[in-house]
Amino acid sequence: MKATNILFLVFVSSVLLGMSGFASFKSNNRNISSLEVKFKGNGALFLSPEVVNNMLIQSQDSLFFQQKDVVALKLIEQRLLANPTIKNVQLYTIPQGELFVEIEERTPVLRVIGETSFYIDSTGAKMPLSNRHTATVPLFYGAIENANLKQVLRLIKSVNSDSFLKQELIHLKIQNNQLVLGLRSHPFEVIWGKPDGFVDKVKKLKRVCAYYVNTNDAPPVKLNLTYSQQVVASY
């Protein structure tokens, strides 16, 4: 290959690389002109696109209108993730300068009723109550300590796997270091104890509930499922 041809190829390659770099530079330095918020999973229950917009544009630095570089996008992500209702955030832009924000809200599994009321999701993260949406989840009465939280979440996870108890459980509490359940269709308290032995306890509870549905006998005040192979009823 002649030297002139080699020089020409080098020149063309340099021009193309320069144009590509310049286009990338212009794209990276173009201000974000608009914002679109999308919700994944169950959609927008506790938040809304308007709420997310306000979370960003009401800040004094109006960050999302600055250059859409990696640092700016990372700061936007951190700002959104600081909201306890938000579980995940994904950000991406297009060359025209539009910023897309995809948000996944946390899903509450329990509502704590005490001096301060809030939701808890399956990871144990706290979520504030919302005027926009009320989640249909079991209520927990009293203060919930970190030492008890794992046991409560473990039980809730098991409850959600059983259609009968998922429908029946309306509230729970911790009393004398034992989990105590309240049911939708039966007036007695259920002393569940620890979250261990879930399958056996559910079987015993179903038998007792079926008995009182099909009899005129007065139901007990409390039903204790903590004993092996037996149920203790207190009247």
Kindly determine whether R132 and L47 satisfy side-chain contact (heavy atoms from CB on, under 4.5 Å), including the steps that lead there. CA-CA 8 Å; R132 288 180 48 83; L47 301 174; 5.6 Å; no

Let's go through V37 and F100 carefully: what are the C-alpha distance in whole Å and the side-chain angles of both, what is the deciding distance for side-chain contact (heavy atoms from CB on, under 4.5 Å) to 0.1 Å, and is it a yes or a no? CA-CA 6 Å; V37 179; F100 291 89; over 6 Å; no

Apply salt bridge (Lys or Arg N to Asp or Glu O under 4.0 Å) to D162 and K206, showing your working. CA-CA 11 Å; D162 183 88; K206 288 179 179 178; 3.3 Å; yes

Begin from the C-alpha positions of E189 and K173 and carry the test salt bridge (Lys or Arg N to Asp or Glu O under 4.0 Å) through to its verdict. CA-CA 10 Å; E189 286 189 335; K173 60 184 177 180; 3.1 Å; yes

Full working for side-chain contact (heavy atoms from CB on, under 4.5 Å) between Q178 and K194: CA-CA 6 Å; Q178 293 183 314; K194 303 297 181 183; 6.0 Å; no

Give the C-alpha distance, both sets of side-chain angles, the deciding distance and a yes or no for side-chain contact (heavy atoms from CB on, under 4.5 Å) between S122 and K157. CA-CA 8 Å; S122 60; K157 181 178 180 181; over 6 Å; no

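In this structure, F118 and K126 have side chains that are in contact, with non-hydrogen atoms separated by less than 4.5 Å. Side-chain contact check for Y92 versus E102: some heavy-atom pair is nearer than 4.5 Å. Counting heavy atoms from C-beta outward, I170 and L183 have side chains that stay 4.5 Å or more apart. The side-chain heavy atoms of V190 and K201, taken from C-beta on, include no pair separated by under 4.5 Å. Side-chain contact check for L129 versus S117: some heavy-atom pair is nearer than 4.5 Å. Residues Y211 and D217 meet the side-chain proximity criterion, which asks for heavy atoms closer than 4.5 Å. Y227 places a side-chain heavy atom less than 4.5 Å from the side chain of V232. Inter-residue side-chain proximity for I120 and L149 is flagged as met; some heavy-atom pair is nearer than 4.5 Å.
More than 12 heavy atoms of other residues, nucleotides or ligands shown are found within 6.0 angstrom of NZ on K38. Residue E115 places its CD atom among 12 or fewer non-hydrogen atoms of other residues, nucleotides or ligands, all under 6.0 Å distant.
Proximity of the aromatic rings of H171 and Y141 is defined here by a centroid distance below 6.0 angstrom, and this criterion is met.
The nearest pair of heavy atoms linking L45 to H133 is O-CB, 3.2 Å. The nearest pair of heavy atoms linking A233 to L223 is CB-CD1, 4.1 Å. The two residues A44 and E105 make their nearest non-hydrogen contact at CA-OE2, 3.8 Å. The two residues S234 and P220 make their nearest non-hydrogen contact at O-CB, 3.4 Å. P138 and L172 make their closest contact through CB-CD2, 4.1 Å (heavy atoms, listed as atom of the first residue, atom of the second, distance).
One finds the NZ atom of K204 at 13.0 Å from the SG atom of C209 (value rounded to the nearest 0.5 Å). Here the OG1 atom belonging to T134 is positioned 6.0 Å from the CZ atom belonging to R111, to the nearest 0.5 angstrom. Once rounded to the nearest 0.5 Å, the distance linking CG of L225 with CD of Q230 reads 11.0 Å. The distance from atom CZ of R79 to atom CD of E77, rounded to the nearest 0.5 Å, is 12.5 Å. Remark: T85 OG1 to E104 CD distance equals 13.0 Å, nearest 0.5 Å. Rounding to the nearest 0.5 Å places CD1 of I86 at 10.0 Å from CE of M127.
Grouping the Ile, Leu, Val, Met, Phe, Trp and Tyr side chains by contacts below 4.5 angstrom, directly or via other members, places V112 with I174. Both V208 and Y235 belong to a common hydrophobic cluster when Ile, Leu, Val, Met, Phe, Trp and Tyr are linked at side-chain heavy-atom distances under 4.5 angstrom. Cluster membership for F140 and Y119, using ILVMFWY side-chain heavy atoms within less than 4.5 angstrom, is not shared. When hydrophobic clusters are built by joining Ile, Leu, Val, Met, Phe, Trp and Tyr residues whose side-chain heavy atoms come closer than 4.5 Å, directly or via intermediates, L169 is grouped together with V231. Note on F39: it does not cluster hydrophobically with F46, by side-chain heavy-atom contacts below 4.5 Å among ILVMFWY residues.
Side-chain N or O atoms of S158 include one that pairs as donor or acceptor with a backbone N or O of R154 at under 3.5 Å. Looking only at distances, a side-chain donor or acceptor of N54 sits under 3.5 Å from a matching main-chain atom of E50. In terms of modelled atom types and a separation under 3.5 Å, the side chain of Q90 and the main chain of V101 share no donor-acceptor contact.
The aromatic rings of W192 and F198 lie tilted to each other, with the angle between the two planes from 30° to 60°.
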